[in-house]
Amino acid sequence: RSLAGLLVTALIGSFAFQVSAISEAVAWTSTDGAVSQLAAAEKIKTLHANTIASTADANGNIYAITSFPAGPGHKVDVDPDLNDPKLISGRSAVIHKLDKDGNLVWVYALRGMLNSTAASIAIDRFGNVYAGFAAKHNVTIGTDTQKNGKKYRNYVVKLGPNGDLKWSKHWGGTQHDQVSDMAIDSLGNVNIVGWVDNPKATLGPNNGDAKTGNLQSGDNAFLLQLNPEGDTNFIKDWSSEGHSRARGVAIQKDGTIITVLDFSNDTIFLGTNAEGVDQETTHKGKKSVGLLVAVTVEEDKQHIKWFKQF
């Protein structure tokens, strides 16, 4: 994915701001609607299956995250082939791999209710699958269960090429957190953006990660980089007194990380440039404005290469 793969739509001077991340992979269209219709309901007529994110690899295989918000007493069929049902209980989500013709290769089940507004899925060059999302209620991934109640917490999982769980991470506070996008760089690091909605939240998904000290009430944007083993390389905390939300991320050929955000009310300290000079936004006011931030990583240090407000 490159900077050209980010579609930014901004309405300056209003409260509306929308950013969408567009994958450069060729869209799969051999069977109309197959990716967005991955489930059939059993015992319930009003089930809504939401495919939140999808992508394709160089061989045309399709990967998707789909949420099933039915109650625990209901079951859904997560195999697009109606002649070969694979049933799981409701209030769940799955990560699918389909071949280029829409046939199910494997499915990995997640227990919990996912936020249907945004999630992200990415594939590395070895065929490993990374999925980022926010989920609430009792969330079970592998043998680990987190009891989140009615508030969303951020998650990322790594699956092997055959759909086996490699690791999972979670972080955030006790409010409505969000993972909005992710991108994998040439070293296999996964770069994750989104926000947390609690001044006491932590952006560190690993033991030993420091809690962020600048979080404000409201939405607080982050850029989190994990290595292929799931260890934290760095965390960028871009908090604002009003709100700050990281919407999209892309990697340029030289490794520069481009993040798309919007924010309001107060300035954001972004970090320092290569010369050690502080970089801070200038906007103050209730209207949301757009923000592009370019981050370089050199010898385990991150610098703000440039930023643009609009």
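When a residue number appears, it is its place in the shown sequence, counting from 1. Both backbone and side-chain heavy atoms feed into the values below; hydrogens, waters and symmetry mates do not.
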Asker: Following the transitive rule for hydrophobic clusters with a side-chain heavy-atom cut-off under 4.5 Å over Ile, Leu, Val, Met, Phe, Trp and Tyr, establish whether Val179 and Leu224 coincide in one cluster.
Answerer: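 Result: yes, single cluster for both.
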Asker: For residues 299-310, pull every pair meeting salt bridge (charged side-chain N to carboxylate O under 4.0 Å, His left out), keeping only residues two or more places apart or in separate chains.
Answerer: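 Every pair satisfying salt bridge (charged side-chain N to carboxylate O under 4.0 Å, His left out) with a residue in residues 299-310: Asp254-Lys305.
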Asker: What about Ile235 and Val156, same hydrophobic cluster or not, with Ile/Leu/Val/Met/Phe/Trp/Tyr joined at side-chain heavy-atom distances under 4.5 Å?
Answerer: yes
Asker: Looking at Val105, Ile95, Leu98, Ile123, which hits side chain to side chain contact (heavy atoms under 4.5 Å, CB included) with Tyr63?
Answerer: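 When Val105, Ile95, Leu98, Ile123 are each tested with Tyr63, the side chain to side chain contact (heavy atoms under 4.5 Å, CB included) holds only for Ile123.
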Asker: Among Ile121, Val157, Asp124, Leu159, find the one that has a side chain to side chain contact (heavy atoms under 4.5 Å, CB included) with Tyr130.
Answerer: Asp124
Asker: Which pair of heavy atoms, one from Ser180 and one from Ala246, lies closest together, and at what distance?
Answerer: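 Minimum heavy-atom separation between Ser180 and Ala246: OG-O, 2.5 Å.
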Asker: His170: which residues meet the ring-ring contact (aromatic ring centres under 6.0 Å, His included) condition with it, sequence neighbours left out?
Answerer: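 His170: ring-ring contact (aromatic ring centres under 6.0 Å, His included) contacts with Tyr155.
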Asker: Does any non-hydrogen side-chain atom of Thr282 lie less than 4.5 Å from one of Gln309?
Answerer: yes
Asker: Check whether any side-chain heavy atom of Asn189 sits under 4.5 Å from a side-chain heavy atom of Pro228, and report yes or no.
Answerer: yes
Asker: Would you kindly confirm whether Trp306 and Phe310 end up in one hydrophobic cluster when ILVMFWY residues are joined by side chain heavy atoms under 4.5 Å apart?
Answerer: yes
Asker: Would you mind listing every salt bridge (charged side-chain N to carboxylate O under 4.0 Å, His left out) that reaches into residues 156-166, with sequence neighbours excluded?
Answerer: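 Found Asp164-Lys166.
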Asker: Measure the CD-CD distance between Gln225 and Gln302 for me, rounded to the nearest 0.5 Å.
Answerer: 7.5 Å
Asker: What distance do Asp237 atom CG and Phe222 atom CZ have between them, rounded to the nearest 0.5 Å?
Answerer: 10.5 Å
Asker: Could you tell me whether a side-chain N or O of Thr267 sits under 3.5 Å from a main-chain N or O of Glu280, the two making a donor and an acceptor?
Answerer: no
Asker: Between atom CG of Asp101 and atom CD1 of Ile62, what is the distance when rounded to the nearest 0.5 Å?
Answerer: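 Rounded to the nearest 0.5 Å, the CG-CD1 separation comes to 8.5 Å.
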Asker: If I compare all heavy atoms of Ala221 with all of Leu261, which pair ends up nearest, and what's the gap?
Answerer: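 What the structure gives for the nearest pair is CB-CD2, 3.6 Å.
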Asker: Answer whether the closest heavy-atom distance between the side chains of Thr256 and Ile258 falls below 4.5 Å.
Answerer: yes
Asker: Rounded to the nearest 0.5 Å, what separates atom CG in Asp185 from atom CD1 in Ile257?
Answerer: 6.5 Å
Asker: Say whether His303 and Thr296, considering side chains only, have a donor N or O and an acceptor N or O under 3.5 Å apart.
Answerer: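 Absent: no donor and acceptor within the cut-off.
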Asker: Between the main-chain N or O of Met182 and the side-chain N or O of Ser120, is there a donor-acceptor pair closer than 3.5 Å?
Answerer: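 Judged by distance alone, yes, a pair lies under 3.5 Å.
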Asker: Please report the C-alpha distance between Tyr108 and Val129 in whole Å, then the side-chain angles of each, then the deciding distance to 0.1 Å, and finally whether the side chain to side chain contact (heavy atoms under 4.5 Å, CB included) criterion is met.
Answerer: CA-CA 11 Å; Tyr108 186 86; Val129 181; over 6 Å; no
Asker: Indicate, with yes or no, if Val196 and Val190 share a hydrophobic cluster defined by side-chain heavy-atom contacts under 4.5 Å among Ile, Leu, Val, Met, Phe, Trp and Tyr.
Answerer: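 Same cluster: Val190 reaches Val196 through Ile, Leu, Val, Met, Phe, Trp or Tyr contacts under 4.5 Å.
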Asker: Roughly how far, to the nearest 0.5 Å, is the CG atom of Asp266 from the OG atom of Ser244?
Answerer: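 Rounded to the nearest 0.5 Å, the OG-CG separation comes out at 10.5 Å.
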Asker: For Ser264 versus Lys287, what's the shortest heavy-atom pair and its separation?
Answerer: CB-O, 3.7 Å
Asker: Phe307 pairs by side chain to side chain contact (heavy atoms under 4.5 Å, CB included) with which of Val295, Leu291, Leu292?
Answerer: Leu291
Asker: Considering non-hydrogen atoms only, spot the tightest contact between Asp181 and Gly248 and give its length.
Answerer: OD2-CA, 3.4 Å
Asker: As an exercise, state the distance from CG of Leu270 to NZ of Lys236, rounded to the nearest 0.5 Å.
Answerer: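 Answer for the CG-NZ pair, Leu270 versus Lys236, is 8.0 Å.
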Asker: Could you tell me whether the side chain of Trp167 reaches within less than 4.5 Å of the side chain of Leu226, counting heavy atoms only?
Answerer: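 Counting from C-beta outward, Leu226 and Trp167 do come under 4.5 Å.
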Asker: State, yes or no, whether a side-chain contact exists between Leu104 and His96 at a heavy-atom distance under 4.5 Å.
Answerer: yes
Asker: With a 3.5 Å distance limit and no angle check, can you tell me whether Thr281 reaches the backbone of Ile268 through a side-chain donor-acceptor pair?
Answerer: yes
Asker: Hydrophobic clusters here meaning ILVMFWY residues chained together by side-chain heavy-atom distances under 4.5 Å, can you tell me if Val249 and Trp195 are in one?
Answerer: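 Different clusters: Val249 never reaches Trp195 through Ile, Leu, Val, Met, Phe, Trp or Tyr contacts under 4.5 Å.
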Asker: For Ala122 and Ile184, work out which heavy atoms get closest and say how close.
Answerer: CB-CD1, 3.8 Å
Asker: Tell me whether Asn59 contacts the main-chain N or O of Asn61 through its side chain, where contact means a donor paired with an acceptor under 3.5 Å.
Answerer: no
Asker: What heavy-atom pair brings Asn128 and Pro161 nearest, and what distance separates the two atoms?
Answerer: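 Heavy atoms only, the tightest pair is OD1-CD, 3.3 Å.
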